[in-house]
**Q** 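I am attaching a structure below and will ask some questions about it afterwards.
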There are 2 protein chains.
Amino acid sequence: MSGGVEAALHCCVVLTAATGPVPAARLAQLHGVSATYLAKQLQALSRADLVQSVQGKSGGYVLTRPPEDITVLDVVEAVEGTQSTFVCTEIRQRGPLASPPEACTAPCAIARTMAVADRAWRAALREVSIADLGRLVGGDYDTDVLGKVGDWLVSAEP
Amino acid sequence: MSGGVEAALHCCVVLTAATGPVPAARLAQLHGVSATYLAKQLQALSRADLVQSVQGKSGGYVLTRPPEDITVLDVVEAVEGTQSTFVCTEIRQRGPLASPPEACTAPCAIARTMAVADRAWRAALREVSIADLGRLVGGDYDTDVLGKVGDWLVSAEP
DNA sequence: TTGACTCGGACAACATATGTCCGAGTAAGG
DNA sequence: CCTTACTCGGACATATGTTGTCCGAGTCAA
């Protein structure tokens with residue numbers, strides 16, 4: 001899986017604690033990652049309408065919906081794409097014993113099995129929202145991490 | 001996901017219908033794929049002890065266990081590796097607000113969420129055996145495909 | 001003993017993911 | 001109203017992993 005997913009998820013959680021638009025460069029600085037590469041992931045989130053970009057001097061990114069309505073699956077599919085991890089190349093239609101195309105209207109047994117697993121994976125990711133993630137990280141440490149992040153975002157030098 | 005998984009699964013199902021060792025070149029010819037590349041996937045299956053290689057003039061590959069005892073997950077992990085698709089790079093330990101390492105003994109909330117989904121995916125793949133796949137493909141078509149494959153394996157020219 | 005056929009790991013070519021850059025556009029401030 | 005500085009957005013190189021290929025070591029049959 002692409003590593004950009006992790007950064008995108010962290011950004012969404014951080015945007016939960018923000019009051020106004022947050023520039024991509026600020027998010028990169030906070031996470032200690034490459035600013036230009038993070039921008040690419042944020043563009044993917046923007047294309048998927050999970051975040052909205054506001055341009056101009058004090059612009060940045062804002063969540064378009066309340067974090068309860070954004071699932072982890074939404075973020076993963078925005079960055080990685082919606083297609084299944086397994087792609088069937090129709091091996092059964094090749095070679096000397098190839099099945100005729102008219103007998104291959106339904107996916108083969110292997111593709112069906114992989115599709116079931118893929119749906120289970122996506123269902124698990126759909127169960128968790130960005131708001132859930134924020135609550136979970138809050139419970140992980142005794143200090144209020146998300147509050148500190150919010151303070152840093154407004155106090156940090158440009 | 002690597003495309004070699006599909007070929008490896010097809011090979012395992014075909015080996016179910018074989019009576020003796022089947023060379024990699026024969027399997028490649030049957031499936032209409034590159035012989036040298038398929039060999040690489042079969043080597044992975046061999047390292048995982050799912051198939052056994054017998055060398056010499058009339059050698060090839062044989063399943064080491066009855067197909068009921070080989071799960072689809074076994075094949076996937078043999079080819080793709082056992083590590084999770086998501087790898088946490090510990091972003092929380094970077095940047096100006098980095099969490100101290102002593103507070104990061106447990107995986108972060110994002111990694112936990114992805115791990116839950118990964119386990120669900122693997123559980124689904126563990127539920128299906130190679131024998132199940134053989135029965136499923138048999139039911140897909142009116143003709144006995146697996147029987148034809150067995151006949152072809154013994155009758156094909158070297 | 002011969003011989004030919006098998007696997008096994010080492011070697012290139014391609015695709016995708018990663019990382020970088022500069023231009024178009026916009027809102028703030030004077 | 002204009003300037004200006006800051007923002008995003010897509011087009012351009014690099015690195016890593018997958019795909020594809022090759023030839024040598026080993027082994028069983030004849």
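Residue numbers begin at 1 in each chain, while the letters A, B, ... track the order of the sequences.
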**Q** Check whether any side-chain nitrogen or oxygen of A:S58 sits under 4.0 Å from OP1 or OP2 of D:dT7, and answer yes or no.
**A** no
**Q** How close do A:A78 and A:L45 get, counting heavy atoms only, and between which atoms?
**A**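 Minimum heavy-atom contact is CB-CD2, 4.0 Å.
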**Q** Starting at the 5' end of DNA chain C and moving along, which residue's nearest nucleotide shows up first, A:Y37 or A:G56?
**A**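 On the 5' side of the pair lies A:Y37.
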**Q** A:S46 side chain N/O closer than 4.0 Å to the phosphate oxygens (OP1, OP2) of D:dG9?
**A**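 A:S46 to D:dG9 OP1/OP2: side-chain N or O found under 4.0 Å.
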**Q** Within the pair A:Q43 and D:dG10, is there a side-chain N or O less than 4.0 Å away from OP1 or OP2?
**A**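 Result: yes.
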**Q** Rounded to whole angstroms, how far apart are CD on B:Q55 and P on C:dG9?
**A**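 One finds 11 Å between P of C:dG9 and CD of B:Q55, rounded.
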**Q** With respect to the phosphate group of D:dG10, does any side-chain polar atom (N or O) of A:R47 fall under 4.0 Å of OP1 or OP2?
**A**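 Yes.
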**Q** For A:K57 and for A:L42, find the nucleotide of DNA chain D with the closest heavy atom, then tell me which residue's nucleotide is more 5'.
**A**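 In this pair, the answer is A:K57.
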**Q** Under 4.0 Å between a side-chain N or O of B:S2 and OP1 or OP2 of D:dT19?
**A** yes
**Q** Looking only at non-hydrogen atoms, find the nearest pair between A:A103 and B:Y141 and report the distance.
**A**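 Looking at all heavy atoms of both residues, the closest pair is O-CE2, 3.5 Å.
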**Q** Looking at A:R135 and A:D132, is there a salt bridge between them, counting it only when a charged N and a carboxylate O are closer than 4.0 Å?
**A** yes
**Q** Could you give the CZ-to-C1' distance, from B:R26 to C:dC5, as a whole number of Å?
**A** 12 Å
**Q** Let's test your reading of the model: under 3.5 Å, does the base of C:dG9 pair with the side chain of B:K40 as donor and acceptor?
**A**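 It does not, because no donor-acceptor pair links the side chain of B:K40 to the base of C:dG9 below 3.5 Å.
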**Q** Are B:D140 and A:R112 within salt-bridge range, i.e. N to O under 4.0 Å?
**A** yes
**Q** Rounded to the nearest angstrom, tell me the gap between atom CG in A:L38 and atom P in C:dA17.
**A**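 Distance check: A:L38 CG to C:dA17 P gives 17 Å.
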**Q** Report which part of the nucleic acid A:S34 touches: base, sugar-phosphate, or nothing (heavy-atom distance under 4.0 Å, all strands).
**A** sugar-phosphate
**Q** Can you check the A:E80 CD to C:dT18 P distance for me, whole Å?
**A**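 Taking CD of A:E80 and P of C:dT18, I get 8 Å after rounding.
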**Q** Does B:S53 put a side-chain nitrogen or oxygen below 4.0 Å from OP1 or OP2 of C:dT6?
**A**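 Indeed not, no polar side-chain atom of B:S53 lies that close.
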**Q** Taking atom C1' of D:dG10 as reference, at what distance in whole Å does atom CD of A:Q41 sit?
**A** 14 Å
**Q** How many whole angstroms separate atom CD of B:Q52 from atom P of C:dG8?
**A** 10 Å
**Q** Might you point out which heavy atoms bring A:P96 and B:W152 nearest each other, and give the distance in Å?
**A**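 Scanning both residues completely, I find the closest heavy atoms to be CG-CZ2, 3.6 Å.
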**Q** What's A:A24 touching, base or sugar-phosphate or nothing? Going by heavy atoms closer than 4.0 Å.
**A**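 Result for A:A24 = sugar-phosphate.
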